[in-house]
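Note: hydrogens, waters and symmetry copies are ignored here, and every other heavy atom, side chains too, is used. Numbers restart at 1 for each chain; the letters A, B, ... are given by sequence-line order, proteins then strands.
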Amino acid sequence: MNRKILVTSALPYANGPIHLGHLVEYIQTDIWVRYQKLRGHQCIYLCADDTHGTAIMIRAKNEGRSEEELIASMSESHQRDFERFGIEFDHYGSTNSKENKELCGVFWTSLRNAGLITERSIEQLYDPEANTFLADRFVRGTCPKCGLTDQAGDNCNCGHTYNPTDLIDPKSTLSGATPVLRNAVHLFVELEKLREFLTKWVEEGNHLQTEVANYLKGHFLSDELRDWDVSRPAPYFGFEIPDAPGNYWYVWFDAPIGYIATTQQWCQKNDESLADWWRNDACEIHHFIGKDITYFHTLFWPGMLQTAGFNLPTRVHIHGFLTINGEKMSKSKGTFIAADTYLKYNNPSYLRYFYATKLTQRVEDLDLGLDEFVRKVNTDLVGKVVNLASRVGKFAQQTGLAEHYPDDGGLFAKGAEAGEEIAAAYECKDYSKAIRRIMELADAANPYVEHAKPWEMKKDPEKQDDLQSVCTVAINLFRQLTIYLAPVLPDLAQQCSQWLGEPIQSWDQSKSHLLGTKVGKFNRMLDRVQIEDLEKMIEESKNTTEEPQEPASSLFCDSDQPLKDEPLAEEISIEDFAKVDLRVARVLSAEHVPEANKLLKLQLSLGGDETRQVFAGIKAAYEPEQLVGRLVVMVANLKPRKMRFGLSEGMVTAAGPGGADVFILGIDDGAQPGQRVH
RNA sequence: GGGGCUGUAGCUCAGUUGGUUAGAGCUGGGGACUCAUAAUCCCUAGGUCGCGGGUUCAAGUCCUGCCAGCCCUACCA
């Protein structure tokens with residue numbers, strides 16, 4: 001049966017370049033789409049840049065250009081990266097399009113007509129200098145619970161959460177101004193009214209992975225669903241709400257509608273009808289997303305679609321995050337690797353293959369271990385698969401392929417038989433299983449050549465027919481593997497097509513032999529990974545900021561952003577400073593605090609028997625073992641503070657915005673624990 | 001505190017509806033070959049299936065308690 005399938009990946013935000021984390025999703029989706037196309041289904045893969053919101057507005061302002069200019073250059077960079085990784089969209093749009101604006105209007109009217117929109121005034125912090133309301137993440141201040149300074153608007157390193165309005169001495173990170181409270185009317189979608197529908201949708205019909213359905217039932221559907229705030233007052237970069245002038249649709253309102261708007265654009269290009277895709281029960285809709293945006297795609301979005309009478313998602317496919325060597329990606333460790341940086345040193349096929357070997361249908365994080373990466377690519381992909389072609393290449397160029405398929409001991413037939421199992425694994429996104437099966441076939445193919453000894457036949461004029469037979473078998477087995485790998489490795493499929501003069505276009509080609517043709521000159525298809533290249537890639541990723549900046553005009557051209565983020569404090573006297581007793585201390589021990597998200601528990605020595613216990617919010621940035629033994633600078637006379645996990649008797653000094661970007665102050669050699677910092 | 005997921009050889013994982021001596025690949029050790037990108041092939045090492053109970057004729061596989069790791073939450077979405 002020929003299926004009609006529309007597939008999307010999450011829309012990348014136009015606020016930064018594509019990195020290896022993003023690519024987990026796009027590669028996962030692209031493999032699925034290529035698989036469906038290979039199986040002969042009508043499948044289109046759509047994506048777009050997500051362009052609206054405060055972050056874009058602020059960034060454009062900081063860069064001194066219009067939002068439109070910013071998003072246009074981002075879109076270009078995103079599309080270039082995707083293309084180089086072989087991510088093949090049928091159309092790539094933007095949420096800042098007229099089609100999207102119109103469709104937002106359609107959804108809005110439906111929600112209004114269904115009586116789901118309500119309005120109420122909410123109190124929010126407002127930056128009087130930047131003239132804008134502040135989302136939580138744009139406010140920092142002193143934690144009302146523990147007194148730590150410079151904490152985020154909604155939670156503190158001490159583990160407490162609060163409203164930004166509770167912060168002591170709050171500051172806007174945009175201007176440094178003290179925010180003021182202002183009232184503004186916001187528009188809300190009353191999600192609770194859709195509870196019955198949503199519960200049913202989550203529970204029935206196999207739209208979600210079971211752990212996701214459980215999560216939704218446990219966290220949201222077990223309680224009254226909160227109204228969803230879908231408007232933002234001016235200034236805001238987005239679409240103004242027609243019947244509420246001065247208010248804009250929140251970026252998360254228009255972003256998913258971008259899926260449909262992008263379909264609309266594709267339809268216009270291809271003379272198709274939007275209704276065939278989005279108002280047609282025979283059409284499947286598949287969204288691929290990361291676990292962080294589960295909630296938008298599994299509650300709001302189905303609610304919106306249902307209300308506006310569009311197709312509901314057939315399935316939302318949710319994946320976990322990327323970790324590198326078992327740790328979260330970190331800029332300081334050089335594991336925040338931009339697509340562009342990767343491509344300077346490595347072949348995109350490596351990453352596609354590696355991800356495929358690791359991806360399953362579960363929502364778990366995917367770890368890119370560098371050693372494992374090298375091993376899988378070199379041993380499995382190059383050593384087993386590509387080698388099969390490489391080792392008979394020269395012979396085959398002379399012999400060509402036999403007219404009739406020789407006896408291969410049932411290898412090809414066995415491979416053909418495995419095809420449906422491999423296909424089923426691709427279908428349910430268990431790529432790891434698909435690759436495993438394919439490698440089993442590759443494992444059987446090499447011994448065949450080994451035992452046939454074609455190199456001996458080559459020397460014996462009597463055995464030229466046998467040599468041709470061996471080449472025919474080896475090449476057919478290689479071709480079969482390549483077809484199975486085609487969704488993952490389109491480049492390899494392309495090379496194989498060219499070599500054998502037969503395009504790979506359909507899964508079913510794996511069931512039939514290629515016979516009686518000449519074989520072209522064999523060209524090396526894939527080089528082995530060099531570990532040094534990976535190291536260079538990591539090294540280069542270490543010091544780059546999130547996006548490449550303009551070229552440096554002088555040797556030192558540090559960004560002014562940190563100072564903007566946290567303006568200088570008011571002037572103090574030398575006496576004021578003298579009150580703060582900074583001391584050199586040695587880290588005696590460091591350990592994780594089981595229940596704490598951000599804290600490490602440190603024992604610091606000030607020399608002799610003088611020790612202090614300190615809880616430091618540096619868990620995301622440092623491993624305990626990195627710290628033991630090193631010297632730090634601590635605030636030694638800070639009033640001890642009772643925390644949930646115990647008493648904290650001081651503070652370790654560090655710079656940086658927090659999270660994984662925390663940098664502990666070091667001290668030059670020679671300093672001794674207990675010495676005061678003047 | 002609540003919820004979810006995971007825990008099988010050094011590493012990455014498979015283990016179908018519970019059923020004979022728990023599997024694979026890689027790494028390690030030994031050997032072979034030379035067509036091939038120091039690729040390949042053969043042999044070999046090796047695990048109280050996180051721990052403790054329970055159900056059963058029979059449990060890695062079901063139930064339960066505990067432990068560990070990861071993730072999500074903590075009255076924000």
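- With distances taken from any side-chain atom of A:K384 to the nucleotides B:rC72, B:rU37, B:rU40, the minimum falls on B:rU40.
- Distances shown here put every side-chain N or O of A:K453 at or beyond 4.0 Å from the OP1 or OP2 atom of B:rC33.
- Between A:Y250 and A:M525, the residue whose closest nucleotide on RNA chain B is further toward the 5' end is A:M525.
- Nearest nucleotide to the A:S390 side chain, out of B:rC13, B:rU37, B:rG25: B:rU37.
- Comparing A:R437 and A:F522 by the nucleotide of RNA chain B that holds the closest heavy atom to each, the one mapping nearer the 5' end is A:R437.
- The cationic group of A:R232 does not satisfy the cation-pi geometry with A:F133, failing either the under 6.0 Å distance to the six-membered ring centre or the 45° limit from the ring axis.
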Under-3.5 Å N/O pairs linking protein and nucleotides 7-11 of chain B:
none

**Fill in**
Encoded 5' to 3' (Watson-Crick or G-U under 3.5 Å; [ ] crossing; | other strand), RNA chain B becomes (((((((..((((.....[...)))).(((((.......))))).....(((((..]....))))))))))))....
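- For the residue pair A:T323/A:D367, the side-chain donor-acceptor check at 3.5 Å is satisfied.
- Between the CG atom of A:N387 and the C1' atom of B:rU34 there is a distance of 12 Å, given to the nearest Å.
- Taking atom CG of A:L388 as the reference point, atom P of B:rU40 lies 11 Å away to the nearest angstrom.
- Atom CG of A:L216 is separated from atom C1' of B:rG2 by 16 Å (rounded to the nearest Å).
- Using a 4.0 Å heavy-atom cutoff across all strands shown, A:V386 reaches at least one base atom of the nucleic acid.
- Across the protein-nucleic acid pair, A:I318 atom CD1 and B:rC72 atom P stand 14 Å apart, rounded to whole Å.
- Atom CD in A:E211 sits about 12 Å away from atom C1' in B:rC72, given to the nearest Å.
- Annotation: B:rU8 and B:rC70 have their P atoms spaced 15 Å apart (nearest Å).
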